[in-house]
Amino acid sequence: MAQSLLNLSLPKIQAIVPMPISTARLKERGYNQMLIIAKIMARQLNIPVWQPVIREAQHSQKGLSRIERLENIEYQFKMIKTEKRKYKKVLIIDDVVTTGSSIHALTRALENLGCQQIYSVCIAAAQ
């Protein structure tokens, strides 16, 4: 999967931001699949993986409309106050994009941290 994303024509970026998952989901699953992929990509691109945001709670978005998804996720991403690094050009990577609500909410959080150019890629997109 990482190699497939690396084969895309990616913009010049300073860091990769994997889509965060909540602590509860991490405990349940045991790993964040996008963090694993981000580390592989970052190694190939010689840039850092940057995780300046945590996901407070992860409520299932399944079956919700786009508006409901946006409302559901809007306040889930919180900045990590101890994170001192700042990047202006970042790439968000996510596994599946349905409505884009998660990427939209994460983009807003990254903009609040001072990111100026935020790109995103995903492995799959729902129709």
(Q) Within the 4.5 Å heavy-atom criterion, are Tyr119 and Ile13 side-chain neighbours or not? (A) yes

Q: Output yes when a side-chain donor or acceptor of Asn32 lies under 3.5 Å from a complementary backbone atom of Met19, and no otherwise.
A: yes

Q.
Please determine whether residues Leu5 and Ile118 belong to a single hydrophobic cluster, defined as Ile, Leu, Val, Met, Phe, Trp and Tyr linked transitively by side-chain heavy-atom distances below 4.5 Å.
A. no

Q) With hydrophobic residues grouped by side-chain heavy-atom distances under 4.5 Å, do Ile123 and Tyr31 end up in a single group? A) no

Q. Can you tell me if Arg55 uses its side chain to pair, donor with acceptor, with the backbone of Pro20 under 3.5 Å?
A. yes

Q: Might you point out which heavy atoms bring Ile40 and Ala2 nearest each other, and give the distance in Å?
A: CG2-CB, 3.5 Å

Q: Determine whether Leu106 and Leu35 fall in the same hydrophobic cluster, where Ile, Leu, Val, Met, Phe, Trp and Tyr are linked whenever their side-chain heavy atoms lie under 4.5 Å apart.
A: no

Q: Output the distance between atom CG (Asp94) and atom OG (Ser102), rounded to the nearest 0.5 Å.
A: 6.0 Å

Q: Please tell me if the side chains of Leu10 and Leu45 come closer than 4.5 Å, counting only heavy atoms from C-beta onward.
A: yes

Q | side chain to side chain contact (heavy atoms under 4.5 Å, CB included) between Leu110 and Val17, worked out | A | CA-CA 9 Å; Leu110 293 172; Val17 180; 4.3 Å; yes

Q.
Within the structure provided, determine whether Pro52 and Ile80 are in side-chain contact (heavy-atom separation under 4.5 Å).
A. no

**Q.** Residue of the set Lys86, Lys81, Arg85 for which side-chain hydrogen bond (donor to acceptor under 3.5 Å, both in side chains) holds with Glu83
**A.** Arg85

Q. Atom CD1 of Ile93 and atom CE of Met34: how far apart are they, to the nearest 0.5 Å?
A. 3.5 Å

Q | Rounded distance [0.5 Å steps], CZ in Phe77 versus OG1 in Thr107 | A | 9.0 Å

Q: For Gln14 and Lys89, indicate whether the former's side chain and the latter's backbone hold a donor-acceptor pair under 3.5 Å.
A: yes

**Q.** Non-hydrogen atoms of Tyr87 and Cys115 that approach each other most closely
**A.** O-SG, 3.1 Å

**Q.** Minimum-distance pair of heavy atoms, taken over all atoms of Ala109 and Val53
**A.** CB-CG2, 4.2 Å

(Q) In the structure I gave you, are the side-chain heavy atoms of Met79 and Leu113 within less than 4.5 Å of one another anywhere? (A) yes

Q) Which pair of heavy atoms, one from Ala42 and one from Pro48, lies closest together, and at what distance? A) CB-C, 4.2 Å

**Q.** Val90 and Ile16: CA distance, side-chain angles, deciding distance, side chain to side chain contact (heavy atoms under 4.5 Å, CB included) verdict
**A.** CA-CA 6 Å; Val90 299; Ile16 295 176; over 6 Å; no

Q) Can you tell me how far CD1 of Ile21 sits from CD of Glu28, rounded to the nearest 0.5 angstrom? A) 9.0 Å

Q. Is it true that Met1 and Val97 fall in one hydrophobic cluster, defined by side-chain heavy atoms closer than 4.5 Å?
A. no

Q. Say you draw a straight line from CG of Leu91 to OG of Ser120; how long is it, rounded to the nearest 0.5 Å?
A. 7.5 Å

**Q.** Linked, directly or transitively: Ile92 and Met41 (ILVMFWY side chains, under 4.5 Å)
**A.** no

(Q) Does atom NZ (Lys78) have a neighbourhood of more than 12 heavy atoms from anything else shown, all under 6.0 Å? (A) yes

